[in-house]
Amino acid sequence: MDSTSTHFVSEDMSEIRKLVEVFNERGVFNTSFAKLVSLSTRLIADDSVNADDAKSVGAKILQSMVGETVSAYSFSQKNQVKTLASAVYVKTPSGGQVELDHPTLVSAPSSHGCRRHPSF
C-alpha cells in the first residue's frame, strides 16, 4: 500500500472510531432497549415496524409462494417489510398515536410531539 492509501485508511478508521464513540455515548448499542429507534429523528418504531426481521418476513413470503402459479399469486400488505419511514403513526409516551407527516418530519424533526428516545 502506498502512503496515500495508508493515509486514507488511517483517516477512515479515525472517523469510524469517532462514530462508534458517539453511538456508545448515546446508547445506540444498548441492548436493554428492545425497540427500533431512528438515528436521524429519534422516533421509536411501533410494533408494526418489522424491518429488523426482513429475512424471516421474506422467507415467509417465499414459503407462501410454493405451489402457486405466478398469475395466481398476489402480494398482500400484511406480508411485507414495514420500515419506520413507511409508518403512518408513531406512539406517544401516553400510549396514543400521532399521525406522521413525513415531508414535515424530515424538514423539522424536533418540532413534533412524537415519541423520541431520550438518549439520542
Side-chain angles (χ1 to χ4, degrees):
M1 210 182 310
D2 64 26
S3 63
T4 304
S5 297
T6 304
H7 171 74
F8 284 120
V9 168
S10 175
E11 206 170 270
D12 289 347
M13 292 306 295
S14 173
E15 295 299 317
I16 289 169
R17 280 191 288 280
K18 288 176 189 175
L19 278 174
V20 170
E21 183 178 319
V22 169
F23 288 165
N24 282 328
E25 287 172 1
R26 296 185 179 187
V28 173
F29 303 118
N30 182 353
T31 58
S32 66
F33 190 76
K35 295 284 186 177
L36 293 176
V37 180
S38 168
L39 292 175
S40 60
T41 64
R42 299 179 293 172
L43 291 174
I44 299 172
D46 67 9
D47 295 335
S48 68
V49 175
N50 62 355
D52 60 322
D53 204 21
K55 185 175 180 179
S56 69
V57 171
K60 287 178 188 173
I61 292 170
L62 288 174
Q63 187 61 39
S64 71
M65 297 171 91
V66 172
E68 297 283 335
T69 63
V70 172
S71 60
Y73 189 83
S74 70
F75 288 96
S76 66
Q77 286 191 354
K78 69 176 186 168
N79 296 326
Q80 67 180 356
V81 172
K82 295 168 188 79
T83 65
L84 186 56
S86 68
V88 177
Y89 297 96
V90 292
K91 292 181 181 178
T92 64
S94 63
Q97 287 186 333
V98 175
E99 187 171 356
L100 291 177
D101 177 12
H102 288 284
T104 305
L105 181 66
V106 170
S107 64
S110 61
S111 67
H112 297 273
C114 300
R115 185 174 176 202
R116 296 171 187 268
H117 190 278
S119 67
F120 288 96

Chemist: Is it true that, when you exclude Tyr73 itself, more than 12 heavy atoms of the residues, nucleotides or ligands shown sit nearer than 6.0 Å to its OH?
Modeler: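 Yes, enclosed.
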Chemist: Would you say Ile16 and Met13 make side-chain contact, with heavy atoms under 4.5 Å?
Modeler: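 Sidechains of Met13 and Ile16: in contact.
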Chemist: Kindly compute the distance separating CG (Leu19) from CG (Asn24), expressed to the nearest 0.5 Å.
Modeler: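 Those atoms lie 11.0 Å apart.
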Chemist: Under a 4.0 Å threshold between the charged nitrogen and the carboxylate oxygen, would Glu21 count as salt-bridged to Lys18?
Modeler: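 No, Lys18 and Glu21 are not salt-bridged.
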Chemist: Check Val49 against Asp52 and note the closest heavy-atom contact, atom names and distance.
Modeler: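 What the structure gives for the nearest pair is O-OD1, 4.2 Å.
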Chemist: Please check if atom CD in Glu68 has more than 12 non-hydrogen atoms from other residues, nucleotides or ligands closer than 6.0 Å.
Modeler: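 Atom CD in Glu68 is crowded, with more than 12 foreign heavy atoms closer than 6.0 Å.
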Chemist: Can you name the closest pair of heavy atoms from Lys78 and Lys82 and give their distance?
Modeler: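 Heavy-atom minimum between the residues: O-NZ, 3.5 Å.
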Chemist: Is Val81 close to Asn50 at the side-chain level, that is, under 4.5 Å between some pair of heavy atoms?
Modeler: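 Yes, their side chains come closer than 4.5 Å.
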